[in-house]
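Every chain is numbered from 1, with letters handed out A, B, ... down the list of sequences.
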Amino acid sequence: MPELPEVETMVRGLRPALRGRLVHRIDLHDPSMLLGCPAGEFAARGSGVCVEEVERRGKWVVIGLADDRGMIVIQPRMTGGFWLVDPPRPEHVRATFRLANPEASVWFCDARRLGRILWFDGPESAATAIDRSQGPDALKVDRDDLAARLSRTRRAIKPTLMDQKVLAGVGNIYADEILFEARLHPSRVSAELSPREVDRLHAVIAPVLLKAIAAEGSTFDAGYRTVLGLEGGFLAVNSMYGRAGQPCKGCGDPIQKTKIPGLIGRPTYLCPRCQPSS
DNA sequence: CGGTTACCCTGGATGC
DNA sequence: TGCATCCAGGGTAACC
């Protein structure tokens, strides 16, 4: 579920709760979600460690441990999330970080169990693995870097924006919002965008994501919540996702829900008038 | 190599 | 009500 704004909101909530704290123990309730460490060693490696930092890389949460004890990378993927308050569905808790002095718990929950918990021995091995699959962060990418990356592929622009190797952080909801703000059709060939269109695209990426962060992300149905269990407010103020049939904010024509080639299964919301395909 | 698809999972909504 | 079907915001391996 979570894209960059949701993970950034998670990290901002987790950081004050975890940074500098002693982890007495990590209980792993679903060993199949753990990679990079034998499940049998996880308890020992995760005991008596101090959390040095909590960061975000794209849609991933990176927890750095002090004294060279390693790095934990958590990929929430579709339905993963952290709770600082009692999770409403205890059966979905997959890992529990038990803190000491004072005692507290941080829960990682994931209904669909698609999330992953990766263990790395040190910052270097973690950085190598992360860099291999994560491009520049969508909040920080500079215009010419983005242009160069788009010029290298003839895929449609929407799947390109959602390719974490190209740009880290954008998923299905924010890709639609970004492409509408840039007035670009999601099926446009990435390498065929004009310099001015790349300017337009680059100019809207960070503002869209920052607006979503300010709203604490996007919540619908039983999905994402903040670490305090609150709903994100972005879908109350967004322009596209979930608004099929509603008037486009640009021209008033009805927003279309459709599928575009290159994105299996996922819906795309667009305004055919404001986002012409050529 | 670039691009596309299948698959991993489960809960909730929808439809008959 | 019960059951089947479809849908979902991600990531990666396998395939062509």
Problem - dC9(B) base / R113(A) side chain donor-acceptor hit below 3.5 Å - result: no

In whole angstrom, give the distance that lies between atom [atom1] of [X] and atom [atom2] of [N].
X	N	atom1	atom2	value
M10(A)	dG9(C)	CE	P	15 Å
R112(A)	dG12(B)	CZ	P	12 Å
D221(A)	dC7(C)	CG	C1'	10 Å
F220(A)	dA13(B)	CZ	P	12 Å
N238(A)	dG9(C)	CG	P	13 Å
R89(A)	dC9(B)	CZ	C1'	15 Å
L235(A)	dG9(C)	CG	P	11 Å
Y269(A)	dA8(C)	OH	P	7 Å

Please list each protein N or O that sits under 3.5 Å from an N or O in nucleotides 4-6 of chain C, with the distance.
none

If you count every heavy atom of other residues, nucleotides or ligands that lies below 6.0 Å from [X] atom [atom1], does the total exceed 12?
X	atom1	value
K259(A)	NZ	yes
D131(A)	CG	yes
E103(A)	CD	no
R143(A)	CZ	yes

Determine the contact category for [X]: base if any of its heavy atoms lies under 4.0 Å from a base atom, sugar-phosphate if only primed atoms, P, OP1 or OP2 are that close, otherwise nothing.
X	value
Y174(A)	nothing
R94(A)	nothing
P267(A)	sugar-phosphate
G115(A)	nothing

Practice task
Verify whether the ring centers belonging to W119(A) and F42(A) lie closer than 6.0 Å.
Solution key: yes

Can you tell me if [X] and [Y] form a side-chain donor-acceptor pair at under 3.5 Å?
X	Y	result
K158(A)	N172(A)	yes
S218(A)	Y174(A)	yes
R98(A)	S105(A)	yes

Handout entry: Cation over ring face, R183(A) and F180(A), 6.0 Å, 45°
Key = yes

Exercise for the section: Name every residue in residues 149-160 of chain A that has at least one heavy atom under 4.0 Å from any atom of DNA chain B, in order of residue number, or write none if there are no such residues. Expected result: T153(A), R154(A), R155(A)

Practice task
Look at the side-chain N and O atoms of Y224(A) and state whether any lies under 4.0 Å from the OP1 or OP2 oxygen of dG9(C).
Solution key: no

Exercise for the section: Could you run through nucleotides 11-16 of chain C and give me one letter per nucleotide, 5' to 3': B if any protein heavy atom sits under 4.0 Å from the base, S if only the sugar-phosphate is that close, - if neither? Expected result: SS----

Fill in the blank from the handout: Of dC8(B), dA8(C), dG9(C), the nucleotide closest to the side chain of L114(A) is dC8(B)

Exercise for the section: Indicate yes or no for a side-chain donor-acceptor contact from E52(A) to the backbone of R19(A) under 3.5 Å, with no hydrogens or angles considered. Expected result: no

Completion exercise
pair_partner(dG9(C)), Watson-Crick or wobble, both distances < 3.5 Å, evaluates to none

Practice task
Hunt down the Watson-Crick or G-U wobble partner of dC16(B), both distances under 3.5 Å, from any strand shown, or write none.
Solution key: dG2(C)

Practice task
Nearest-nucleotide wise, let me know which of H92(A) and R116(A) is further upstream toward the 5' end of DNA chain B.
Solution key: R116(A)

Handout entry: Stepwise side-chain hydrogen bond (donor to acceptor under 3.5 Å, both in side chains) test for H29(A) and T96(A)
Key = CA-CA 8 Å; H29(A) 311 294; T96(A) 306; 2.7 Å; yes

Exercise for the section: Look at R154(A) together with E192(A) and state whether they make a salt bridge at an N to O cut-off of under 4.0 Å. Expected result: yes

Handout entry: Partner of L4(A) by side-chain contact (heavy atoms from CB on, under 4.5 Å), out of D137(A), V170(A), L167(A), T9(A)
Key = D137(A)

